[in-house]
Protein chains: 2
Amino acid sequence: MRDFTKKLRVLLIDDNANHLRGIKELISLETSYNVVGATRNANLGLGLIKKYRPDIVLMDINMPEKDGLQTIQSINKLGISTNVVILSGYDDSDLIYRAMKLGARGYVLKTMASSKLIDAIETVADGKIYLPSVLTTRFFEYFQNAAKEETKVAAGENLLTTLTGRENEVLDLLTQGINYKSIAQKLIISETTVKTHVNNIFQKLQVNDRTNAVLYALTHGFKPSLTAQSEQMAAA
Amino acid sequence: MRDFTKKLRVLLIDDNANHLRGIKELISLETSYNVVGATRNANLGLGLIKKYRPDIVLMDINMPEKDGLQTIQSINKLGISTNVVILSGYDDSDLIYRAMKLGARGYVLKTMASSKLIDAIETVADGKIYLPSVLTTRFFEYFQNAAKEETKVAAGENLLTTLTGRENEVLDLLTQGINYKSIAQKLIISETTVKTHVNNIFQKLQVNDRTNAVLYALTHGFKPSLTAQSEQMAAA
DNA sequence: AATTATCTAAACCATAAGATTGAGAAAAAC
DNA sequence: GTTTTTCTCAATCTTATGGTTTAGATAATT
């Protein structure tokens, strides 16, 4: 939970000097904020983050040398729990998607009223995500489209459903790259039985070797049966 | 764009009779809405959607026979551009994530003020996504966590980088489930050469069979080299 | 009671896959 | 100009994999 007795420590990163100055002044007007740093260079900014551990990092996403997305990743690698709010000139759905995927907690357009920026900082400092409704829509358009691509393959009539319980267990082990001998040991059956199961799996999945069976399973959303999972648990 | 001269056609699906009645009355108060149907059964609801093509479907996500997530999928299969708004008693991040992933356009908690429901309908009818800030946060917590899992594997020191150009081409074909003879034909080299490459790949990836090489490639973000891709293009 | 599905297993065979050693040619790096 | 890497290939060998048939024991279904 946020501690309201202390000032919020904010760090600014924007390669545009004018923007940087403008934002700094804007935020300085708020008595509850403390700008611990402001820099035009992303790498310098990383150093400042390491040093000052700000609560919030306001960062432009379009920068020449090191771009915003890379910088978010670098921050992640530091393992510091800093909340990144992205400043961007574009409401590009791909950009928003990638920034949020990498762990950004907020995304604000530079064209928005300055009060929105304060809103964003407050919201994020409060542990929530800040995304204006237009950007939320942009994000989900992209997200749902990506999801559709994923499930498209899994959609069609899935041959995996024709597998019996035991065949599912065997396929599960196959997808772990285990050979017949080990599978036989794990399931406590003979190796020839494993072969029988595997051949039946091949027939049902319409493939003729292990690799293609595994590929089919992975690209068609194969999920090991619960019994098989619990056995894995027990083995671990 | 929304046509404000026509009433919004809304369909309700909720297995709880009281909820259903309550929501119906609430929406009927709005003169700009027209409830084209209200049912307690998801499958019946699907039929009504097919018949009336409503602009908005308000649907409970917790239903006994056919659950809300399945119903969203069924609607998707119909290929009808209906906007689904989910009604739920829980702000469960996994549930929100899956509903939105499947294409829901809004998510409203039953505990919220009824005005929020109207907000949601308006927002979604306007082509936007409606997610209350608490739910947005829930969603992103889940989303970013899932994304982290994805990239985690691809992060570590990746043995794939040690592969030579030719080895990459061979591995690419391996991940397509192609056998040695066919690989030899595709690359116009002898089968023994393929074996040599494959053995080198095994050494570098520290595995000892095709299946595990393929699994390693897939779980470590293997992307076929550009040259290999262009050859695929040419072959298609 | 009879049928069907599932799991188990053996025997046999064919071959694809994997391991190993050695080696020449060309390209890249030093 | 020498060394190293990469790509190529052969020969040999072992073994894991895959194909097929047959069949007994249960369990589920009708």
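Convention: sequence-line order gives letters A, B, ...; per-chain numbering from 1.
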Whole angstrom value for the distance that separates [atom2] of [N] from [atom1] of [X]:
X	N	atom1	atom2	value
B:Asp209	D:dG18	CG	P	10 Å
B:Ile189	D:dT6	CD1	P	16 Å
B:Asn208	D:dT15	CG	P	15 Å
B:Asn200	D:dT8	CG	C1'	11 Å
B:Asn212	D:dA16	CG	P	15 Å
B:Asn168	D:dT6	CG	C1'	13 Å
B:Glu167	D:dC7	CD	P	6 Å
A:Leu205	D:dG19	CG	C1'	16 Å

query = Can we say B:Asp14 and B:Lys110 salt-bridge, meaning some charged N sits less than 4.0 Å from an Asp/Glu carboxylate O?
reply =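 Counted as a salt bridge, because a side-chain N and a carboxylate O are separated by less than 4.0 Å.
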key: B:Asp92/B:Arg138 ion pair, N-O < 4.0 Å   =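 Judged by the 4.0 Å cut-off on N to carboxylate O distance, B:Asp92 and B:Arg138 do not form a salt bridge.
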ask   = Once the angle between the rings of B:Phe143 and B:Phe140 is folded into 0 to 90°, is it parallel (under 30°), tilted (30 to 60°) or perpendicular (over 60°)?
value =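 Taking B:Phe140 first and then B:Phe143, their aromatic rings stand perpendicular (interplane angle over 60°).
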ask   = Nucleotide range of DNA chain C contacted by chain A, 5' to 3', under 4.0 Å to a heavy atom?
value =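 Contact span on the strand: C:dT6 to C:dA10.
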task = With side-chain contact (heavy atoms from CB on, under 4.5 Å) as the test, would you mind laying out the steps for B:Val36 and B:Val10 before giving the verdict?
result = CA-CA 6 Å; B:Val36 297; B:Val10 181; over 6 Å; no
ask   = Can you check whether A:Arg210 has a side-chain N or O nearer than 4.0 Å to OP1 or OP2 of D:dT17?
value =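 Yes.
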query = Would A:Gln176 and A:Leu173 satisfy side-chain contact (heavy atoms from CB on, under 4.5 Å), going step by step from the backbone distance to the final call?
reply = CA-CA 5 Å; A:Gln176 293 175 40; A:Leu173 297 174; 4.1 Å; yes
Residue closer to the 5' end of DNA chain D, A:Gln203 versus B:Thr164 (nearest nucleotide) =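 Looking at DNA chain D, the more 5' nearest nucleotide goes with B:Thr164.
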ask   = Of all of residues 192-199 of chain B, which get a heavy atom below 4.0 angstrom from DNA chain D, listed by number?
value =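 Heavy-atom cutoff 4.0 Å gives B:Thr192, B:Thr193, B:Thr196, B:His197.
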query = Without hydrogens or angle criteria, can the side chains of A:Ser190 and A:Thr193 be said to hold a donor-acceptor pair below 3.5 Å?
reply =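 A pair is found: one side chain offers a donor N or O, the other an acceptor, under 3.5 Å apart.
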key: Side-chain donor-acceptor contact under 3.5 Å, B:Ser182 with B:Asn179   =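 Yes, side-chain donor-acceptor contact under 3.5 Å.
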request  = Among A:Val85, A:Leu95, A:Thr136, find the one that has a side-chain contact (heavy atoms from CB on, under 4.5 Å) with A:Tyr107.
outcome  =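 Exactly one candidate clears the test, A:Leu95.
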message = The test is side-chain contact (heavy atoms from CB on, under 4.5 Å); show your working for A:Ile13 and A:Asp60 and say whether it passes.
response = CA-CA 6 Å; A:Ile13 308 177; A:Asp60 185 17; over 6 Å; no
